[in-house]
Protein chains: 2
Amino acid sequence: MKKQLIMEKAIELFAKQGFEATSVQQITEHCGISKGAFYLSFKSKDELIIEIIDHFMIQFTSEIDHLVRSAKDGENLLYNFYYAIFNSFQKHSDFGKILIKEQSRSFNEDFIVKMRYYDRLMDKSILSMVEHLYGDDEVKEIKYDLVFCIKGFMSMYSQLFLFYNVPLDLDLLSKSLVEKTNLLARNSTVPFISKGLIMAFEEPVLEDLTKEQILLRLDQEIEELEESVEKESLVLLKQQLNEPTFGRAIIKGLLENIRNHPQTKWIAYLLGSFFDQK
Amino acid sequence: MKKQLIMEKAIELFAKQGFEATSVQQITEHCGISKGAFYLSFKSKDELIIEIIDHFMIQFTSEIDHLVRSAKDGENLLYNFYYAIFNSFQKHSDFGKILIKEQSRSFNEDFIVKMRYYDRLMDKSILSMVEHLYGDDEVKEIKYDLVFCIKGFMSMYSQLFLFYNVPLDLDLLSKSLVEKTNLLARNSTVPFISKGLIMAFEEPVLEDLTKEQILLRLDQEIEELEESVEKESLVLLKQQLNEPTFGRAIIKGLLENIRNHPQTKWIAYLLGSFFDQK
DNA sequence: TTGACAGATGACTGGTTAGTCAGTATTATA
DNA sequence: TATAATACTGACTAACCAGTCATCTGTCAA
């Protein structure tokens, strides 16, 4: 399968020139394959970028999620969090460049929704880390601001080694940001971002999700899949969508079945947010 | 003159679709003029985006610069700074969107240089504000980090009202960020960004480094250092640069001597890549 | 009414793009 | 070795793009 090769080479080119400025021809030349071969691995250029985003962001977000979930002691968690983030960015700097360059791009609807989804996933992890670190009560008022500040630190300091090839002392950087975060968490008294404001930002995404749209995509997906656990899960989830019968646990389990399969990953997200919503 | 009209309509479209995804045809249709008329006002599509960037950034940076320069009292300065920034972003939200979307774009060399120039201008203003606010000595060590944090706050909180049309309380936002900035300025003890690092970012791209540029910086560094192993190493490396005499091992050792000193870390890197290159 | 001229037009050019498909090469199978 | 299946090729299409230019139009002064 040429998929791996194409993705690797495409990442290099996208990082250097941007997604839109890189043609499929260029990618295939860089791989030493023909243009037709590209379309054997990917349905379109858009599908390629989405698979790239997925490949890295699933790794990235699950690494952070695992870090936060499995943390016992407080102080090290924050350090490990920053270290892991910047370490990942440094290791996959080409992908990092793509992420920053194209993050607010609007060329493809699926792409935007995807990016927003991973952004939310990060927000969730950071928020639960903040609650874990400082106690739910202590930072109740300013925890959303804290999430924003942490993300601000991440994005600003990431740009340092993404756009200037300077070797950085990740240990010092993490320590420095741990101190800053602690300072803000323990001494801030003027919150700006309230729960209500946060909810306002989350609204638009879910708003667009109608049962019909999901059903449409669901049918389409079921059609394309061969017999498998994934397909069974989708069929059951379709039943649940039309007529709620299962409990929370079963739904969660079914979603888990399809979350790691590349073809159903996305529908898992859609269904997940739809069931959450209700 | 149709220039004004074209710029206004183009900003709307660029904000919505991005620069590359918007065609000249679309712009002229949106203006109700012919395609030819566009080229009476602008030599090219690139010239249009550069004029747009200039038009707003000149206003923006000079407003901030004036604010910082003419400030008498400390506390209000920071508040006014944040308020002015967010107020501008809110007033010209379409331009703000373009700025964020295209900031790290690489389609046009002139464009990148322009953006970098205005970025540096902002950095300068913020830095002189920080020095003014907290005293040159008090924050000597962490002032560059502070600049980064302030920019991080700006970019994160700007996205709030750029991408979700939520009416925001600029007064509260500014107060909240003033508190956060003060907390960091007065209590941070672990700097990450050193003078040397900052200078690294201002450096042209590494590949273009000439011997003369390195020598210039080397002299400067030797001047500033007191007698030490580091200084001796630098002097020897300067000799080596002018007239290669030492072997590989000695150079490596000398570089190692200066690699861990904060003030010479950067020059170590520069020299390292220069010697590697040959 | 005439003529001159700046301003405006839109068909056209040369080039690039994503995506297709009839056909070829390679490999597996019998 | 023959056949079938699979992987691959690259010329081709249709659409779109930035930018040009011969032509036209409305508005003046003479």
Side-chain angles (χ1 to χ4, degrees), chain A residues 1-54 98 101-102 105-114 220 224-226 262-263, chain B residues 1-54 98 101-102 105-114:
Chain A
M1 203 58 139
K2 293 279 161 68
K3 232 171 164 168
Q4 194 73 28
L5 175 71
I6 294 172
M7 279 172 76
E8 277 168 27
K9 299 294 183 185
I11 287 168
E12 286 175 28
L13 292 171
F14 289 163
K16 220 185 296 169
Q17 313 171 334
F19 173 74
E20 277 173 302
T22 304
S23 69
V24 173
Q25 191 101 42
Q26 262 182 290
I27 296 170
T28 56
E29 273 167 19
H30 203 235
C31 291
I33 61 171
S34 70
K35 208 173 168 194
F38 175 90
Y39 288 93
L40 294 175
S41 297
F42 299 95
K43 278 223 296 284
S44 68
K45 196 182 159 194
D46 280 2
E47 198 189 84
L48 167 63
I49 186 74
I50 296 229
E51 284 217 27
I52 288 174
I53 296 282
D54 269 337
I98 296 172
K101 278 192 185 180
E102 319 289 344
R105 226 84 253 290
S106 35
F107 46 82
N108 178 297
E109 193 56 40
D110 277 0
F111 180 85
I112 299 169
V113 179
K114 260 257 125 103
Q220 195 180 318
E224 287 178 14
L225 274 175
E226 58 218 25
Q263 207 174 342
Chain B
M1 202 60 141
K2 291 278 162 67
K3 234 173 162 165
Q4 193 73 28
L5 174 72
I6 293 173
M7 280 172 75
E8 279 169 25
K9 298 295 182 184
I11 287 168
E12 286 175 28
L13 291 172
F14 289 162
K16 220 185 295 170
Q17 312 171 336
F19 172 75
E20 278 174 301
T22 304
S23 69
V24 173
Q25 190 102 39
Q26 264 182 290
I27 296 169
T28 55
E29 274 167 18
H30 202 235
C31 291
I33 62 171
S34 70
K35 206 174 167 191
F38 174 91
Y39 288 92
L40 294 175
S41 296
F42 298 93
K43 276 223 297 283
S44 69
K45 197 183 159 194
D46 280 2
E47 197 188 85
L48 167 63
I49 187 72
I50 296 230
E51 283 215 28
I52 289 174
I53 296 284
D54 271 338
I98 296 172
K101 280 191 185 182
E102 318 289 344
R105 227 82 250 294
S106 36
F107 47 82
N108 178 296
E109 193 55 42
D110 279 1
F111 181 84
I112 299 169
V113 176
K114 246 268 105 125

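Every chain is numbered from 1, with letters handed out A, B, ... down the list of sequences. What you see is a predicted model; the values in this text were computed from it and never measured.
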Nearest whole Å is fine: how far is [N] [atom2] from [X] [atom1]?
X: Phe42(A); N: dC8(D); atom1: CZ; atom2: P; value: 13 Å
X: Glu47(B); N: dA18(D); atom1: CD; atom2: P; value: 15 Å
X: Lys3(A); N: dA7(D); atom1: NZ; atom2: P; value: 13 Å
X: Phe38(B); N: dG19(D); atom1: CZ; atom2: P; value: 8 Å

Inset, instruction - Among dA18(C), dG10(C), dG7(C), find the nucleotide with the atom closest to the side chain of Leu40(B). - result: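 From the listed options, dG7(C) comes nearest.
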Tabulate atom names and distances for all N/O pairs under 3.5 angstrom spanning the protein and nucleotides 20-27 of chain C.
none

Inset, instruction - Take Lys2(A) and Leu5(A) through the test side chain to side chain contact (heavy atoms under 4.5 Å, CB included) and record every step on the way to the result. - result: CA-CA 5 Å; Lys2(A) 293 279 161 68; Leu5(A) 175 71; 4.1 Å; yes
Inset, instruction - I would like to know whether Phe111(A) and Ile53(A) meet side chain to side chain contact (heavy atoms under 4.5 Å, CB included); could you show each step before the answer? - result: CA-CA 9 Å; Phe111(A) 180 85; Ile53(A) 296 282; 3.8 Å; yes
Inset, instruction - Tell me, please, which residues at least two apart from Asp54(B) pass salt bridge (charged side-chain N to carboxylate O under 4.0 Å, His left out). - result: Lys114(B)
Legend entry - salt bridge (charged side-chain N to carboxylate O under 4.0 Å, His left out) against Glu51(B), all qualifying residues, sequence neighbours excluded: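 Checked Glu51(B) against salt bridge (charged side-chain N to carboxylate O under 4.0 Å, His left out); matches are Lys3(B).
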Using a 3.5 Å cut-off and no angle test, enumerate the donor-acceptor pairs between side-chain atoms of residues 31-42 of chain A and protein atoms at least two apart in sequence or in another chain.
unit_1: Ser34(A); atom_1: OG; unit_2: Ala37(A); atom_2: N; d: 3.3

Legend entry - Glu102(B) side chain vs Ile98(B) backbone, donor-acceptor pair below 3.5 Å: no
Contacts under 3.5 angstrom, residues 6-21 of chain B side chains, donor-acceptor by atom type, not counting sequence neighbours:
unit_1: Gln17(B); atom_1: OE1; unit_2: Thr22(B); atom_2: OG1; d: 2.9
unit_1: Gln17(B); atom_1: OE1; unit_2: Gln26(B); atom_2: NE2; d: 3.2
unit_1: Glu20(B); atom_1: OE1; unit_2: Arg105(B); atom_2: NH1; d: 2.6

Inset, instruction - Kindly state which residues belonging to residues 20-32 of chain A come within less than 4.0 angstrom of DNA chain D, counting heavy atoms of the residue only, listed by number. - result: none
